[in-house]
Amino acid sequence: MSLPAKLAVYSLLATSVVCLQFPFKLPFFKQKEDLLADNQVVPPVTPRIAIVGAGAAGSSAAFWISKAKERFGIDVEIDVYERASYIGGRSTIVYPYNDTTLDPMELGASIFVDANKNLMRAAKEFNLTLKDFIDEFSDTGLWDGQKFNILNEGTYSKSWWTTLKVLWRYGYSAPVKTRTIVKNMIADYISLYTAASPRWDDIGGLVERMNWTDFVNSTTLEYLSSKGVAEKWSREMVEAATRVNYGQDVDKIHALEGTCSLAATGASAVRDGNFLIFENFLNRSGANVYLNSEVRDILRVPASSRWIIHTPSGSRIYKAIILAAPFHQANITVPSDLAELIPPQPYVHLHVTLLTTKSESTNPAYFNLPPDEKVPKVILTTHEGVRNGGVEPEFNSISVHGQIQKVPGSVDEEPEWKVKIFSKERVSDEWLEKVFGKVGWVHRKEWDAYPVLPPTTRFPPVRLDQGFYYVNAFEPFISTMETETIASRNVVDLLLHEEFGSGICGSQLSGPETGEEDAPRESGSEDFVLGWDC
Ligand SMILES: Cc1cc2nc3c(=O)[nH]c(=O)nc-3n(C[C@H](O)[C@H](O)[C@H](O)COP(=O)(O)OP(=O)(O)OC[C@H]3O[C@@H](n4cnc5c(N)ncnc54)[C@H](O)[C@@H]3O)c2cc1C
Ligand SMILES: *[C@@H]1O[C@H](CO)[C@@H](O)[C@H](O)[C@H]1NC(C)=O
Ligand SMILES: *[C@@H]1O[C@H](CO)[C@@H](O)[C@H](O)[C@H]1NC(C)=O
Ligand SMILES: *[C@@H]1O[C@H](CO)[C@@H](O)[C@H](O)[C@H]1NC(C)=O
Ligand SMILES: *[C@@H]1O[C@H](CO)[C@@H](O)[C@H](O)[C@H]1NC(C)=O
Ligand SMILES: *[C@@H]1O[C@H](CO)[C@@H](O)[C@H](O)[C@H]1NC(C)=O
Ligand SMILES: *[C@@H]1O[C@H](CO)[C@@H](O)[C@H](O)[C@H]1NC(C)=O
């Protein structure tokens with residue numbers, strides 16, 4: 001291609017790419033064929049890192065890199081490619097009736113907890129208002145498809161272990177033992193925020209170091225039973241938590257994720273949407289963000305350790321690549337020797353239905369209750385009905401999330417309740433009418449929400465090749481917004497050491513490699529968060 005022709009391609013591309021960034025930088029794309037054919041490709045003056053995906057993982061990866069730039073002047077430019085038209089990935093909001101004067105509802109990931117130090121710290125530093133979730137989880141019932149096993153007026157997330165009805169049904173020992181197991185797990189987990197946190201290029205190595213082999217290699221039911229927890233408790237109360245959080249039963253999901261489902265202390269959400277944390281990560285990182293930009297191929301530059309990212313708008317060369325999306329959903333062609341390294345990973349296909357209704361309570365008749373009985377605001381489910389020869393509940397969870405007040409003076413001013421339903425199948429309009437009576441606004445969304453999480457000790461590689469890292473390898477281990485920011489911190493630290501000889505916290509390692517001795521450093525105060533405070 002002649003020079004003027006090339007320039008024409010550049011300017012065309014420059015206008016076809018949507019940019020959302022601070023500061024604005026002119027995109028500089030070439031055609032893939034040019035890059036591959038060109039033996040006169042000179043390495044760019046400023047090395048570049050590409051991040052694929054602008055969810056929790058990708059946005060935080062950009063933020064961690066910017067921390068290293070800010071602290072140690074690492075010279076690197078960051079490009080973030082996002083297939084969707086928005087930032088946040090599985091963390092995104094919608095407004096009832098699409099009315100932005102009303103409070104938004106989370107369509108994907110909704111809560112994080114006190115132990116989630118990166119998100120808590122980010123919300124604080126970025127001045128985001130949190131709302132707490134405790135009220136929304138009072139008044140809970142456990143539905144097995146034919147009957148309520150327990151109708152609980154206590155508080156689910158705060159002290160559900162100790163309400164009278166729970167103690168009466170399960171006794172004292174199961175709740176207390178479970179609580180101890182969760183507490184110990186969190187205490188171990190917190191070590192990931194200390195200066196002595198390991199770095200890992202192999203999640204199996206991390207599992208061993210954390211002494212979590214039994215956790216990830218047993219089902220939640222097996223693990224709790226091995227600790228003397230009564231099965232009835234696991235199959236009802238614990239299963240209600242694993243089903244609402246991960247759409248999986250206690251005899252299927254591994255015990256680490258099962259235990260995480262129970263760690264609901266201090267549940268919060270960003271009032272105006274959790275995605276604001278991720279938007280702030282990107283804005284503050286100075287990365288170039290390309291929305292509506294699907295990465296199609298990732299190729300090696302022949303005879304070099306560099307990489308080419310190819311999108312429908314063109315191609316660009318990078319020193320390093322961070323894949324921050326589930327590989328099998330990303331639809332990206334990578335060199336076959338690398339694709340082979342990533343085992344197939346099924347995800348739970350989840351239907352989320354948001355709606356508004358004037359009915360304060362769901363229809364008691366649907367739940368085989370007398371007409372004057374009040375149905376709980378939060379209905380969690382178990383698989384127990386099926387185990388006892390009955391049918392599976394038609395939904396995973398139903399929760400009422402407060403009220404909306406429609407605009408005063410509008411034709412219809414009566415307040416409505418906001419409802420969120422998770423289910424394995426689509427719930428039909430007729431079903432909604434049967435359960436809620438008349439509904440107002442309805443919004444449906446299907447997600448590949450989280451991995452299917454059977455017990456295992458084998459995880460995908462974090463480092464696929466020199467300069468090519470995979471954040472979402474972490475998801476079959478734990479899948480939450482927060483843990484994706486921990487996984488990205490680890491990946492960025494490894495990558496910067498490999499390519500720039502210096503990590504997020506400078507040339508020292510931010511922690512010993514898995515398998516090495518503990519670092520003698522103290523993490524200092526309780527507020528210390530690795531990566532933020534170094
Ligand atoms: C309904 C639901 C409820 C949940 N509840 C919670 C909760 O309460 N708390 C919690 O912590 N977690 C929850 N989760 C899980 C949480 O959403 C995820 O663990 C986390 O958001 C994953 O972040 P990520 O950045 O790794 O992936 P994603 O958020 O999926 O981001 C990946 C991004 O990559 C983009 N992408 C994919 N392929 C390409 C490509 N080829 N080119 C360019 N871009 C591409 C995608 O568009 C996407 O934006 C929930 C999830 C769902 C669906
Ligand atoms: C919601 O409103 C916005 C802005 O007016 C509009 O672009 C969008 O298409 C609307 N979405 C729906 C689902 O109606
Ligand atoms: C955070 O919000 C408070 C109160 O609204 C304000 O005084 C403060 O300047 C804000 N800080 C930042 C960094 O925006
Ligand atoms: C590791 O965990 C096992 C069982 O889960 C426990 O018996 C053992 O004491 C733990 N070891 C350490 C060093 O914490
Ligand atoms: C994991 O569990 C399986 C099945 O119980 C067992 O065969 C295997 O040895 C366990 N792996 C480890 C590393 O403990
Ligand atoms: C991030 O920057 C974009 C573009 O300037 C802006 O529209 C958006 O509101 C910013 N988001 C946050 C959370 O600051
Ligand atoms: C995957 O990408 C190819 C082009 O690279 C495209 O033709 C195909 O439709 C995509 N598939 C999905 C499911 O998006």
Side-chain angles (χ1 to χ4, degrees), residues 18 20 31-33 52-53 81-86 88-89 92-108 200 202-227 250-258 272-273 275 291-299 308-315 323 325-336 338-339 342-347 349 352-356 404 406-407 418 439-448 453-459 476-477 514-515:
V18 177
L20 172 74
Q31 295 303 315
K32 176 173 62 174
E33 294 70 26
V52 183
Y81 294 90
E82 171 54 61
R83 154 165 90 186
S85 59
Y86 66 91
T92 189
I93 55 166
V94 292
Y95 293 92
Y97 293 100
N98 201 20
D99 176 349
T100 52
T101 64
L102 299 172
D103 288 341
M105 293 179 80
E106 293 288 354
L107 189 55
W200 56 92
D202 164 25
I203 295 167
L206 176 66
V207 168
E208 275 173 34
R209 212 188 138 84
M210 300 294 285
N211 194 23
W212 278 354
T213 305
D214 287 353
F215 256 141
V216 293
N217 201 30
S218 338
T219 67
T220 305
L221 181 65
E222 281 164 1
Y223 185 84
L224 292 177
S225 299
S226 78
K227 300 289 174 197
V250 282
D251 51 4
K252 299 277 174 7
I253 193 170
H254 66 61
L256 179 63
E257 199 70 296
D272 300 323
F275 78 97
L291 297 178
N292 304 302
S293 299
E294 181 172 50
V295 172
R296 291 282 172 79
D297 305 275
I298 298 175
L299 302 92
I308 297 173
I309 286 256
H310 175 61
T311 75
S313 313
S315 302
L323 177 56
F327 174 68
H328 301 286
Q329 292 163 32
N331 194 21
I332 298 176
T333 307
V334 302
S336 59
L338 302 185
I342 309 176
Q345 177 57 63
Y347 271 65
H349 192 75
V352 175
T353 308
L354 306 180
L355 61 89
T356 61
I404 56 167
K406 291 206 235 155
V407 190
K418 293 188 280 186
V439 297
W441 166 79
V442 180
H443 184 94
R444 290 185 171 86
K445 168 76 186 172
E446 290 175 47
W447 293 107
D448 286 316
L453 294 150
T456 183
T457 52
R458 301 178 69 88
F459 297 94
F477 177 57
T514 37

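Whatever order the structure lists ligands and atoms in, that order sets their numbers, starting from 1.
- The protein non-hydrogen atom at the shortest distance from atom 14 (O) of ligand 5 is Asn217 ND2, 3.4 Å.
- For Asn331, a nitrogen or oxygen atom sits less than 3.5 Å from a nitrogen or oxygen atom of ligand 7, counting backbone and side chain alike.
- For atom 5 (O) of ligand 7, the closest non-hydrogen atom of the protein is Arg296 CD, 3.2 Å.
- Side chain of Thr213 to main chain of Asn211: no donor-acceptor pair is present (N/O by atom type, distance under 3.5 Å, no hydrogens or angles).
- Counting only heavy atoms of the protein, atom 4 (C) of ligand 2 lies nearest to Asn98 ND2, 4.7 Å.
- When atom types are taken as modelled, the side chain of Glu222 and the backbone of Thr219 share a donor-acceptor pair closer than 3.5 angstrom.
- Atom 2 (O) of ligand 2 lies below 4.0 Å from at least one non-hydrogen atom of the protein.
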Worked verdict on Ile298 versus Ile308 for side-chain contact (heavy atoms from CB on, under 4.5 Å): CA-CA 6 Å; Ile298 298 175; Ile308 297 173; over 6 Å; no
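- With hydrogens and angles left out, the side-chain atoms of Thr356 and Tyr97 include a donor and acceptor closer than 3.5 Å.
- For atom 7 (O) of ligand 2, the protein comes within 4.0 Å by no heavy atom at all.
- One option in Thr457, Val207, Asp214, Thr456 has a heavy atom closer to atom 13 (C) of ligand 5 than any other, and that option is Thr457.
- No donor-acceptor pair closer than 3.5 Å links the side chain of His310 to the backbone N or O of Thr333.
- Side-chain N or O atoms of Thr220 include one that pairs as donor or acceptor with a backbone N or O of His254 at under 3.5 Å.
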